[in-house]
Amino acid sequence: MRQGKHLSVTLSKYGFVASFLALPVLVYSVFVIGPYAQAFQIAMTDWRGIGTPKWVGFANFQRLWNDEVFWKAVQHHLVLLLALPLITIIIALFFAFMLNVGGGSKGGQRVGVRGSAFYRVAFFFPQVLAVAIIAVLFQMVYRPDESGLINGVLVKLGLDPVLFLINPNLALWSIIGVLVWQAVGFYVVLFSAGMASIPAEIYEAAELDGASRFTMFFRVTIPLLWDTLQVAWVYLGIAAFDAFAIVAVLSVDSGGPDGATTVLAMEIYRNAFVYSRYGYASAMGVALFFLTLTFAALTLRVSKRESVEY
């Protein structure tokens, strides 16, 4: 009798939990899993947006394998995957360290450099701007004549203007510079939150042992922020697989010059909404999905380590 009552209570408890989870799971299935499944289905067809799609199997993926533009976009993503997370994390870590513990000890508490409150607001400011607005702002910064912010200074100094977005060798790095500028503020806040949770006693003990700021940064701060760094790298890697809005607004001819800044999201948009090749665009989307998933899994696997207790 007691066992039956216990089973009844357990079933009632799980039924109560399931009743709350049912609606979110249903919504997620309809608006997330459903579109993914539909994209995989369309990738197997030659659908052009109208009419009945014709099933072509893996023909779109075979075409993708021999598409030079696709592989050029993948190469750009590889550059973004290395440069964007690495540069952003290095800059954000340095700023967060200076804003939180770089000012030394005051009244038994670690403090940042003078003016830390103002710098936090200044660094976070790009986060409140829409990505398209940031791209338009940098159109003025990168203008190839003396009316541009950078080239205006160079011309006044008697130097030749730099063709940031027109030179194929500089265009992608100019895009990366904008992505880093836009992302740094968020990760300064993220790393600052992580540093604020580190007990001050750890830094005090390191100072008593004669550790310099350089030593504290690499021997204390980074090991204790490792989980946060791991998450930041994954997020920035996923952002590197996007970059659509910046490329679409800022680059020459939406991915130019001569495809020097194109990314997969740009090619998906172009094939779907310019060339009406929805099946082929969906195949690119499926490839992008698996590339992003593979990157996240590999990053979490390679960077996995034991958490440092404090």
Side-chain angles (χ1 to χ4, degrees), residues 32-86 135 163 165-176 178-179 233-234 236-302:
V32 178
I33 298 178
Y36 274 126
Q38 189 177 23
F40 294 158
Q41 179 187 4
I42 294 174
M44 298 289 186
T45 70
D46 66 347
W47 191 46
R48 301 187 65 86
I50 57 174
T52 303
K54 177 184 177 182
W55 186 266
V56 295
F58 290 96
N60 285 325
F61 294 97
Q62 292 174 351
R63 178 182 175 186
L64 206 62
W65 184 260
N66 299 310
D67 190 342
E68 293 183 1
V69 177
F70 169 78
W71 289 111
K72 181 180 285 189
V74 171
Q75 289 175 2
H76 295 160
H77 282 299
L78 292 177
V79 175
L80 285 165
L81 279 174
L82 290 173
L84 178 59
L86 187 62
L163 306 179
L165 298 173
I166 299 175
N167 187 335
N169 297 321
L170 294 177
L172 182 60
W173 290 103
S174 300
I175 296 290
I176 291 173
V178 179
L179 292 171
W233 196 284
V234 172
L236 285 165
I238 293 173
F241 276 114
D242 183 14
F244 170 76
I246 294 290
V247 172
V249 177
L250 190 57
S251 65
V252 177
D253 295 330
S254 298
D258 195 24
T261 59
T262 193
V263 291
L264 285 176
M266 189 73 250
E267 293 306 317
I268 292 171
Y269 175 86
R270 200 192 314 273
N271 277 278
F273 301 107
V274 177
Y275 306 136
S276 296
R277 297 195 291 241
Y278 290 91
Y280 190 57
S282 294
M284 281 191 176
V286 171
L288 179 59
F289 169 78
F290 283 110
L291 285 172
T292 306
L293 202 63
T294 302
F295 163 78
L298 286 176
T299 300
L300 292 174
R301 179 68 176 175
V302 171

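Just so it is clear, the structure is predicted and the values come from calculations on it, not from any experiment.
The shortest side-chain heavy-atom distance between Leu179 and Leu80 falls under the 4.5 Å cut-off. Side-chain contact between His77 and Leu291: absent, with no pair of heavy atoms (C-beta onward) separated by less than 4.5 Å. Under the 4.5 Å side-chain criterion, counting only non-hydrogen atoms from C-beta, Phe61 is in contact with Met44. In this structure the side chain of Leu86 never reaches within 4.5 angstrom of the side chain of Leu82, judged on heavy atoms. With contacts defined as side-chain heavy-atom distances shorter than 4.5 Å, the pair Trp71/Val74 qualifies.
Lys54 contributes atom NZ, which lies 13.0 Å from atom CZ of Arg48 (distance to the nearest 0.5 angstrom). Atom CZ in Phe241 sits 5.0 Å away from atom OG1 in Thr292 (nearest 0.5 Å). Between atom CG of residue Leu165 and atom CD1 of residue Ile175 there is a gap of 6.0 Å, rounded to the nearest 0.5 Å. We find the CG-CG distance between Asn169 and Leu163 to be 11.5 Å, quoted to the nearest 0.5 Å.
In plain terms, the two heavy atoms of Ser254 and Ala248 that are nearest each other are OG-O, 3.6 Å. Across all their heavy atoms, Ile42 and Ser282 have their closest contact at CG2-OG, 3.3 Å. Heavy-atom minimum distance, Pro85 versus Leu236: CA-CD1, 3.7 Å. Taking every heavy atom of both residues into account, Gly256 and Ser251 meet most closely at O-CB, 3.9 Å. The two residues Ile268 and Ala281 have their closest heavy-atom pair at O-CB, 3.6 Å. For Trp173 against Ala83, the heavy-atom pair with the smallest separation is CZ3-CB, 3.8 Å.
Among Ile246, Asp242, Val247, the single residue meeting the side-chain contact (heavy atoms from CB on, under 4.5 Å) criterion with Phe244 is Asp242. For the side-chain hydrogen bond (donor to acceptor under 3.5 Å, both in side chains) with Tyr280, the lone residue among Asn60, Asp67, Thr45 that qualifies is Asp67.
By the ring pair (Phe, Tyr, Trp, His ring centres under 6.0 Å) test, Tyr36 is found to be paired with Phe289, residues two or more places apart in sequence or in another chain being considered. In this structure Arg270 satisfies the salt bridge (Lys or Arg N to Asp or Glu O under 4.0 Å) test together with Glu267, sequence neighbours excluded.
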Original post:
How far apart are the C-alpha atoms of His76 and Met266, what are their side-chain angles, what is the distance that settles it, and do they pass the side chain to side chain contact (heavy atoms under 4.5 Å, CB included) test?
Top reply: CA-CA 12 Å; His76 295 160; Met266 189 73 250; over 6 Å; no
**OP:** Please assess Asn271 against Met284 for the test side chain to side chain contact (heavy atoms under 4.5 Å, CB included), listing each intermediate value before the final yes or no.
**Re:** CA-CA 9 Å; Asn271 277 278; Met284 281 191 176; 3.8 Å; yes
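Applying the 6.0 Å contact sphere to CZ of Phe40 captures more than 12 heavy atoms from other residues, nucleotides or ligands. More than 12 heavy-atom neighbours from other residues, nucleotides or ligands sit within 6.0 angstrom of CG on Asn66. Dense packing is recorded around CG of Asn167, with more than 12 heavy atoms of other residues, nucleotides or ligands lying under 6.0 Å away. When the shell of 6.0 Å around CH2 of Trp65 is examined, it contains 12 or fewer heavy atoms from other residues, nucleotides or ligands.
Below 30°, between 30° and 60°, or above 60°: for Trp47 and Tyr278 the angle between ring planes is between 30° and 60°, a tilted geometry.
Checking side-chain atoms of Thr261 against main-chain N and O of Leu172 turns up no donor-acceptor pair under 3.5 Å.
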